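Quick note: residue numbers are just sequence positions, from 1. Each ligand, and each atom within it, is numbered from 1 in the order the structure gives. Just so it is clear, the structure is predicted and the values come from calculations on it, not from any experiment. Just the heavy atoms: all of them, side chains too, but no hydrogens, waters or symmetry mates, feed the values below.
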Amino acid sequence: MSGKINIAIDGHSSCGKGTLAKNIAKELGYIFIDSGAMYRAVTLYMLNTGLDLEEVAQDPAVLGNIKIHFEFNSEKSFYETHLNGTNVEDEIRSMRVSRFVSQVSTLRVVRDFLVIQQQEIGKNKGVVMDGRDIGTVVFPDAELKIFMTASPEIRAKRRYEELIKKGVHVNYQEVLHNIRERDHIDSTRKESPLAKAPDAITLDNSSMTKTEQARLSLSWAKGVIKSRENQ
Ligand code: DC
């Protein structure tokens, strides 16, 4: 056995899941996979080829034309998303993709297509994956599951400040409304809704710094790794 574990990080939008997952992976020398990036890559492919939701639902074979892989960028210390051989890391974060991705991620055929690939990435362990259904569907056997949350107001404030810093004109109420709406869609959709796995540890980071969250989560991860070594 490699001694490595898989770590599943799920939670609401704008909770800082990606940052936490990245920090844990870096510290443990694990691979970090942003599963949302895979939903975004499928969405970008559909937008670029003009495929609509119905066409994909009726003919899932078209998904076979989509090849997603991750490549490590050592300068950024980050795995970047590639779609059919092209680096699409920036493009998948555009508003064009963000507007459509939540609808694409409700499609059963898309979820099945991506979950198989996510499970393949995790089969040798040593993966930290963040998303909405990682602890419940993708890695139900993950040795450590973290469910992140924070109040909608706090998440909206963080997101608002981030956008203002980037020079994007938004108003706080608008950001808060969007976060509440996404929480609702993610938690009530029919296919793999956002849910806390029964064996996940809740991490409410409403009043925690990024360093505190990373330190606490790493102590959990190291505890699990150590207890397995002693078995
Ligand atoms: O984490 P994110 O905001 O980049 O995710 C983009 C979209 O993909 C979001 O609408 C939720 C969806 N998603 C999902 O349904 N399941 C996952 N495991 C990850 C993301």
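- Within 4.0 Å of ligand 1, protein heavy atoms come from S35, G36, Y39, R40, V101, S102, S105, R111, G131, R132, D133, I134, R189.
- With sequence neighbours excluded, the residues that form a side chain to side chain contact (heavy atoms under 4.5 Å, CB included) with I31 are I33, Y79, V127.
- For H69 and E71, the side-chain atoms include at least one donor-acceptor pair closer than 3.5 Å.
- Residues forming a salt bridge (Lys or Arg N to Asp or Glu O under 4.0 Å) with R40 (at least two apart in sequence, or on another chain): none.
- A 6.0 Å sphere centred on CD of Q117 holds more than 12 heavy atoms belonging to other residues, nucleotides or ligands.
- No donor-acceptor contact under 3.5 angstrom links the side chains of R132 and S35, judged on distance only.
- For the ring pair (Phe, Tyr, Trp, His ring centres under 6.0 Å) condition, no pair includes a residue of residues 174-218, sequence neighbours left out.
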